[in-house]
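One-based numbering along the sequence shown. Side chains included, hydrogens not; waters and symmetry mates left out as well; all remaining heavy atoms used.
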Amino acid sequence: VQLQASGGGLVQAGDSLRLSCAASGRTFFSSWVMGWFRQAPGKEREFVAAIGQSGRTMKYANSVNGRSTISRDDAKNTVYLQMSNLKPEDTAVYYCAAQRVRSEIYSLTGEVDEYDYWGQGTQVTVSS
């Protein structure tokens with residue numbers, strides 16, 4: 001399984017950006033919970049957003065709630081993170097992650113250890 005994140009770059013405060021993450025290999029993409037995390041220099045990796053099967057449920061970190069939208073296209077094995085009104089504190093490497101769902105009833109989680117597969121990350125830099 002490979003997760004390839006893209007779409008990062010250097011933007012100004014207030015700008016918008018859309019990150020993409022495409023899964024390839026032996027995937028069961030539609031059955032996975034997909035998440036976005038980020039890690040700033042010197043800080044721990046932190047949760048940003050997650051989306052459940054079929055996009056029925058979403059979960060956001062307080063820091064991005066109202067400014068970000070997570071979505072998925074199962075036909076393309078791709079998850080997206082649309083971010084708007086970006087702030088300098090959003091500067092980080094953004095990672096996508098996949099969680100294999102192990103039961104019919106599940107809750108979206110922001111715990112790093114609950115995710116099974118990780119992409120390589122894409123850098124987002126927001127200048128003030």
Side-chain angles (χ1 to χ4, degrees):
V1 174
Q2 292 84 40
L3 299 177
Q4 182 72 41
S6 61
L10 173 63
V11 299
Q12 293 186 335
D15 284 352
S16 298
L17 204 61
R18 189 177 82 156
L19 306 181
S20 301
C21 174
S24 61
R26 187 175 176 83
T27 70
F28 299 93
F29 185 86
S30 63
S31 69
W32 293 343
V33 168
M34 298 300 298
W36 285 97
F37 292 76
R38 67 187 182 186
Q39 188 166 18
K43 295 187 177 181
E44 293 185 352
R45 191 167 298 190
E46 66 175 9
F47 169 73
V48 176
I51 187 166
Q53 296 170 337
S54 302
R56 288 191 295 264
T57 54
M58 286 80 80
K59 178 183 178 73
Y60 297 95
N62 290 337
S63 58
V64 303
N65 197 19
R67 300 189 296 120
S68 297
T69 302
I70 188 170
S71 61
R72 64 190 298 161
D73 185 338
D74 289 346
K76 296 182 178 180
N77 287 353
T78 300
V79 62
Y80 305 96
L81 182 67
Q82 177 72 45
M83 300 186 293
S84 60
N85 191 23
L86 284 161
K87 305 175 181 181
E89 51 264 42
D90 294 319
T91 295
V93 177
Y94 283 71
Y95 298 90
C96 62
Q99 178 192 32
R100 293 176 297 174
V101 175
R102 295 168 172 82
S103 65
E104 292 185 0
I105 300 175
Y106 65 92
S107 297
L108 299 181
T109 177
E111 295 296 326
V112 170
D113 293 343
E114 294 294 325
Y115 286 79
D116 300 288
Y117 306 111
W118 290 85
Q120 86 292 354
T122 184
Q123 176 71 47
V124 173
T125 302
V126 184
S127 64
S128 57

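- By the side-chain contact (heavy atoms from CB on, under 4.5 Å) test, Ala92 is found to be paired with Arg38, Ala40, Tyr94, residues two or more places apart in sequence or in another chain being considered.
- Residue Tyr60 comes nearest to Ser68 through the heavy atom pair CE2-O, 3.3 Å, listed as atom of the first residue, atom of the second, then distance.
- Residue pairs meeting the salt bridge (Lys or Arg N to Asp or Glu O under 4.0 Å) criterion with at least one member in residues 9-26, sequence neighbours excluded, do not occur.
- Here the straight-line distance linking atom CD1 of Ile51 with atom CZ of Arg56 works out to 10.5 Å at 0.5 Å rounding.
- The hydrophobic clustering, which links ILVMFWY residues whose side-chain heavy atoms are closer than 4.5 Å, places Leu86 and Val48 together.
- Shown here for Ala98 and Met34, the closest heavy-atom pair between the two residues is CB-SD, 3.6 Å.
- Pairs passing the salt bridge (Lys or Arg N to Asp or Glu O under 4.0 Å) check and including a residue from residues 62-84, sequence neighbours excluded, read Arg67-Asp90, Arg72-Asp74.
- You'll find the side chain of Ser30 stays beyond 4.5 Å of the side chain of Gln53, heavy atoms only.
- The hydrophobic cluster containing Ile70 also contains Met83, counting ILVMFWY residues as joined when their side-chain heavy atoms lie under 4.5 angstrom apart, directly or transitively.
- Among residues two or more places apart in sequence or in another chain, the ring pair (Phe, Tyr, Trp, His ring centres under 6.0 Å) test is passed with Phe47 by Phe37.
- For Glu44, the side-chain contact (heavy atoms from CB on, under 4.5 Å) criterion is met by no residue, not counting sequence neighbours.
- Taking the side chain to side chain donor-acceptor pair (under 3.5 Å) definition, one finds that Ser24 meets it with Gln2, sequence neighbours left out.
- For the pair Ala13 and Ser128, the tightest heavy-atom approach, listed with the atom from each and the gap, is CB-CA, 4.3 Å.
- Each of Phe28 and Val101 belongs to its own hydrophobic cluster when Ile, Leu, Val, Met, Phe, Trp and Tyr are linked at side-chain heavy-atom distances under 4.5 angstrom.
- When the side-chain contact (heavy atoms from CB on, under 4.5 Å) test is applied to Val93, the partners found at least two apart in sequence or on another chain are Tyr95, Gln123.
- When each of Thr91, Leu81, Leu10, Leu19 is checked for a side-chain contact (heavy atoms from CB on, under 4.5 Å) with Val124, only Leu19 meets the rule.
- At distances below 3.5 Å, not a single donor-acceptor pair connects side-chain atoms of Ser71 with backbone N or O atoms of Val79.
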Quiz: residues 110-119 side-chain donor-acceptor pairs under 3.5 angstrom, not counting sequence neighbours:
residue : atom : partner : partner atom : Å
Tyr115  : OH   : Thr109  : O            : 2.7
Asp116  : OD1  : Arg102  : NH2          : 2.9
Asp116  : OD2  : Arg100  : N            : 2.8

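- With sequence neighbours left out, Ala23 forms a side-chain contact (heavy atoms from CB on, under 4.5 Å) with Leu3, Thr27, Phe29, Trp32, Asn77.
- Every residue two or more places apart in sequence or in another chain was checked for a side chain to side chain donor-acceptor pair (under 3.5 Å) with Gln82, and none qualifies.
- Residues satisfying the side chain to side chain donor-acceptor pair (under 3.5 Å) criterion with Gln39, sequence neighbours excluded, are Arg45.
- Applying the disulfide bond (SG atoms under 2.5 Å apart) test to every pair with at least one member in residues 17-127, sequence neighbours left out, gives these pairs: Cys21-Cys96.
- Minimum heavy-atom separation, Thr78 to Ser20: CG2-CB, 4.4 Å.
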